[in-house]
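For reference, the structure discussed in these notes is given below.
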2 protein chains.
Amino acid sequence: MAVTIRDVAKATGVSISTVSRALATPEQVAEPTRLLVQQAAREMGYRPNRAARGLITGRTACIGLVVPDLENPFFGSIGKGVQDRARSAGYAVFIGDSGEDPTLEAEVVRSIAKQVDGVILCSARGTDETILELAGDTPVVLVNRSIEGLESINFDNAAGLRAIMQHLVALGHTTIAYAAGPANSWSSRRRTEAFRAFGEAAPALTLVELGDFPPVFDGGVRAADLAIASGATAVVAYNDLMALGLIDRLRQRGMRAPDDMSIASFDNVAVSAMVWPKLTTVDFPRVQMGRACVDTLLDLVLGRPHAAPRTPELPVELVVRQSTGVAPASAAIRGADIPAATSMGAVTTP
Amino acid sequence: MAVTIRDVAKATGVSISTVSRALATPEQVAEPTRLLVQQAAREMGYRPNRAARGLITGRTACIGLVVPDLENPFFGSIGKGVQDRARSAGYAVFIGDSGEDPTLEAEVVRSIAKQVDGVILCSARGTDETILELAGDTPVVLVNRSIEGLESINFDNAAGLRAIMQHLVALGHTTIAYAAGPANSWSSRRRTEAFRAFGEAAPALTLVELGDFPPVFDGGVRAADLAIASGATAVVAYNDLMALGLIDRLRQRGMRAPDDMSIASFDNVAVSAMVWPKLTTVDFPRVQMGRACVDTLLDLVLGRPHAAPRTPELPVELVVRQSTGVAPASAAIRGADIPAATSMGAVTTP
DNA sequence: ATGAAAGCGCTAACAC
DNA sequence: GTGTTAGCGCTTTCAT
């Protein structure tokens with residue numbers, strides 16, 4: 001068995017409560033006693049049993065992190081940030097993988113809830129009701145999604161979308177498609193809304209909504225053919241993986257990005273800069289988001305006042321690389337052929 | 001406060017030990033009592049407090065997983081497998097990110113050790129001594145690395161290397177380079193050894209050792225120029241990320257894979273099949289490895305006899321895609337020019 | 001400033 | 001088969 005507070009007490013000749021105090025609340029113990037105890041504890045290799053402490057304090061010094069898919073580097077980055085900040089705050093992190101399955105997700109959260117002081121939840125698919133119910137069990141901070149009444153940390157999806165659009169318009173694109181992610185994804189909806197809003201503010205542009213698509217390579221492949229058929233010269237993909245699928249399908253059809261079609265996307269996953277063409281994409285400070293989640297959760301758990309406003313939107317940044325370029329000449333001509341008066345705003349395709 | 005075993009006892013009119021037994025060891029309780037208690041517990045929303053249970057049983061029903069970098073999808077996959085298997089065995093998973101830093105790693109393991117029944121450790125860099133010391137604190141299962149006296153799960157690196165080599169030789173390559181990963185990486189050393197062994201068994205081949213390199217994109221970029229200079233027509237990269245770097249640098253220099261040079265690698269990370277050319281690479285069943293780690297760790301923790309032999313090497317599989325092709329004609333001629341008698345075995349380059 | 005004692009929620013002997 | 005009791009390691013009143 002490991003060395004306990006009792007052993008230290010016996011070794012130093014003081015009572016167990018004094019040992020406890022010397023270690024947990026040193027200011028309550030006289031200098032010489034404190035030093036004696038602290039040194040003995042160190043020499044004996046004493047390590048407090050957190051379970052025992054938790055039993056009485058009611059706090060576990062653990063937090064939970066539940067993500068849809070650990071294999072997805074997006075969530076790995078968030079996990080890194082969470083782990084990092086939690087560790088320096090003296091908290092351990094439980095991990096849960098919900099496998100993109102709302103039912104399993106609820107189960108995972110519930111099973112973890114009792115053992116932690118709070119949960120950071122990345123839930124793209126679960127319903128608001130389920131999540132609110134979960135939040136009844138334990139403090140919850142949402143990632144990348146907002147629900148009325150719950151704390152959450154988000155990226156500024158709309159700003160990212162606008163940055164992409166401005167970039168593409170500056171390159172001379174006038175017909176631009178957005179290949180949406182899953183319909184039930186909160187961030188995809190935010191981007192779609194921003195896309196429409198952009199179109200309304202710029203009626204000279206022809207905007208085409210494509211999708212929804214699964215947020216993976218194959219989703220991009222599917223989107224590619226529709227994008228080509230739509231006459232768009234640039235496509236904004238929901239995420240980098242879809243962008244890769246788009247580019248691949250383009251190549252299969254003898255086209256090249258960015259020469260024949262510009263592709264931009266969201267996420268800036270590591271491989272974005274390792275492929276050809278390197279992707280123009282919106283960078284999210286994911287590790288930083290993980291840290292922010294822990295800060296917010298601990299505010300909640302410890303009843304601290306919030307320094308930051310509720311549900312802030314973390315700033316994002318467009319990284320311009322090689323997958324976007326000037327609009328093809330033919331398109332420019334085609335665009336020129338269309339009288340400005342007859343140009344329409346957002347056009348929707350199922 | 002949450003509902004406790006006491007509340008259930010009060011509600012049903014039985015003693016707390018009967019409640020405890022009805023829930024933990026149902027076969028020790030009479031049918032009617034058991035049903036009564038179980039139903040009441042369910043209705044009242046009773047959930048056992050694992051910390052309290054752990055305090056007395058000495059087991060936490062938690063395991064730890066410490067990886068060098070959560071952002072690396074390789075470890076994400078392992079984490080997924082670990083989490084999955086642990087969950088179905090009733091165990092929760094603590095996560096630790098060591099940030100590729102051996103010092104931090106030891107600290108993370110130590111801080112986690114007290115709260116778990118055992119640790120799964122992915123340590124590429126730590127010294128044997130440190131790890132053995134850590135293993136004194138808590139049961140440890142090593143991933144992707146072997147140390148005498150410790151349990152570990154590995155992939156069959158040598159078989160993977162041989163599969164690649166046979167594939168390249170069949171394509172007509174006679175001068176083949178290996179771009180090694182970090183010198184202190186266990187798996188990289190295994191692959192280097194296998195590379196040399198292959199060369200000794202096939203003296204007609206010219207084998208070139210390059211590196212070591214950091215196991216990332218830039219490492220591949222660095223390797224590319226050396227590979228070209230070496231006269232090799234095919235390069236085996238330590239991992240997929242390096243392969244991407246190789247391909248990128250080749251392109252910068254006006255060359256193409258596989259036409260001018262074949263590139264093969266290890267890992268089969270998800271993006272391997274999303275880039276152009278899609279990578280020929282050795283697939284590791286990582287999720288399955290994560291599961292195997294949990295099985296082995298629980299054998300250790302529960303004192304179960306081992307079904308599998310110690311330190312088995314998980315089978316790997318070569319996935320042939322587009323980054324490898326027949327040796328360029330010029331190289332074939334060059335190769336033919338060299339009399340078989342003067343062909344040499346492995347050639348080492350610093 | 002320090003010690004004694006009472007638990008936190010649960011399991012494991014030990015009685016009946 | 002079920003109840004009683006004694007802790008697991010720790011914090012926290014309450015005395016002193």
Side-chain angles (χ1 to χ4, degrees), chain A residues 1-38 40-41 44-62 90 92 111 113-117 137-138 302, chain B residues 1-38 40-41 44-62 90 92 111 113-117 137-138 302:
Chain A
M1 215 59 217
V3 33
T4 77
I5 205 175
R6 236 190 189 79
D7 301 325
V8 180
K10 207 153 290 174
T12 53
V14 303
S15 76
I16 58 165
S17 14
T18 302
V19 176
S20 173
R21 277 188 284 253
L23 268 21
T25 48
E27 67 279 7
Q28 293 182 26
V29 174
E31 181 90 20
T33 330
R34 189 179 66 219
L35 263 49
L36 177 72
V37 172
Q38 288 175 338
M44 303 172 68
Y46 169 78
R47 314 217 95 209
N49 181 325
R50 302 176 90 157
R53 175 179 298 175
L55 201 51
I56 175 158
T57 60
R59 288 194 287 95
T60 60
C62 296
S111 79
K114 289 289 146 186
Q115 321 180 49
V116 299
D117 295 339
D137 280 12
T138 185
L302 304 176
Chain B
M1 214 60 216
V3 33
T4 78
I5 205 177
R6 236 191 188 78
D7 301 325
V8 179
K10 208 152 288 175
T12 54
V14 301
S15 77
I16 58 164
S17 24
T18 302
V19 176
S20 173
R21 277 189 286 255
L23 267 21
T25 49
E27 67 279 6
Q28 292 181 28
V29 174
E31 181 89 21
T33 333
R34 190 180 65 218
L35 264 48
L36 177 73
V37 172
Q38 287 175 338
M44 303 173 68
Y46 169 78
R47 314 218 97 210
N49 181 325
R50 302 177 91 157
R53 178 181 295 174
L55 200 52
I56 176 158
T57 60
R59 288 194 287 96
T60 60
C62 296
S111 78
K114 290 289 148 191
Q115 321 181 49
V116 300
D117 294 339
D137 279 11
T138 185
L302 305 175

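The sequence lines fix the lettering, A, B, ..., with proteins before strands; numbering per chain opens at 1. Below, all heavy atoms of this structure are taken into account, side chains as well, without hydrogens, waters or symmetry copies.
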request  = Starting from C1' on dC8(D), measure out to CZ on Arg6(A) and report it in whole angstrom.
outcome  = 10 Å
ask   = DNA chain D: Ile56(B) or Glu27(B), which has the more 5' nearest nucleotide?
value = Glu27(B)
task = Rounded off to whole Å, could you give me the NZ-to-P distance for the Lys114(A) and dC10(C) pair?
result = 10 Å
query = Between Thr4(A) and Asn49(A), is any pair of side-chain heavy atoms under 4.5 Å apart?
reply = no
key: Side chain Ser17(B) and base dT5(D) donor-acceptor under 3.5 Å   = no
query = For the pair made of CZ in Arg47(B) and C1' in dC10(C), what is the distance, rounded to whole Å?
reply = 16 Å
ask   = With a cut-off of 6.0 Å (strictly less than), are more than 12 heavy atoms of other residues, nucleotides or ligands near CZ of Arg34(B)?
value = yes
key: Residue Asn49(B), side-chain atoms from C-beta onward, closest of dG9(C), dG9(D), dG3(D)   = dG9(C)
request  = Would you kindly give the CG-to-P distance between Leu55(B) and dA6(D), to the nearest whole Å?
outcome  = 18 Å
Thr57(A) vs dT11(D): side-chain N/O to OP1/OP2 distance below 4.0 Å = no
ask   = Given atom CZ of Arg59(B) and atom P of dC8(D), what is their separation to the nearest angstrom?
value = 18 Å
query = Picking from dC10(C), dC10(D), dT2(D), which would you name as closest to the side chain of Arg53(B)?
reply = dC10(C)
inquiry  = If you define the side chain from C-beta out and look only at heavy atoms, does anything of Thr60(A) sit under 4.5 Å from Gln115(A)?
reply    = no
Rounded distance (Å) that lies between atom C1' of dT2(C) and atom CD1 of Ile16(A) = 12 Å
inquiry  = If I take atom CD in residue Gln115(A) and atom P in nucleotide dG9(C), what distance separates them, rounded to the nearest angstrom?
reply    = 16 Å
request  = For Arg50(B), answer base if it contacts any base atom (sugar-phosphate contacts may also be present), sugar-phosphate if it contacts only those atoms, and nothing otherwise; contact means non-hydrogen atoms under 4.0 Å.
outcome  = nothing
inquiry  = Between Ser20(B) and dC10(C), is there a contact of a side-chain N or O with OP1 or OP2 at under 4.0 Å?
reply    = no
ask   = Looking at Ser15(B), does any N or O in its side chain come under 4.0 Å of the phosphate oxygens OP1/OP2 on dG3(D)?
value = yes
Heavy-atom check, side chain of Pro26(B) versus side chain of Arg21(B), under 4.5 Å = no
remark   = Of dT2(C), dT2(D), dG9(C), the nucleotide closest to the side chain of Thr18(A) is dT2(C)
inquiry  = Measure CZ/Arg21(A) against P/dC10(D) and give the value in whole Å, please.
reply    = 15 Å
query = In this structure, which one of Val29(B), Thr25(B), Ile5(B) forms a side chain to side chain contact (heavy atoms under 4.5 Å, CB included) with Ser20(B)?
reply = Ile5(B)
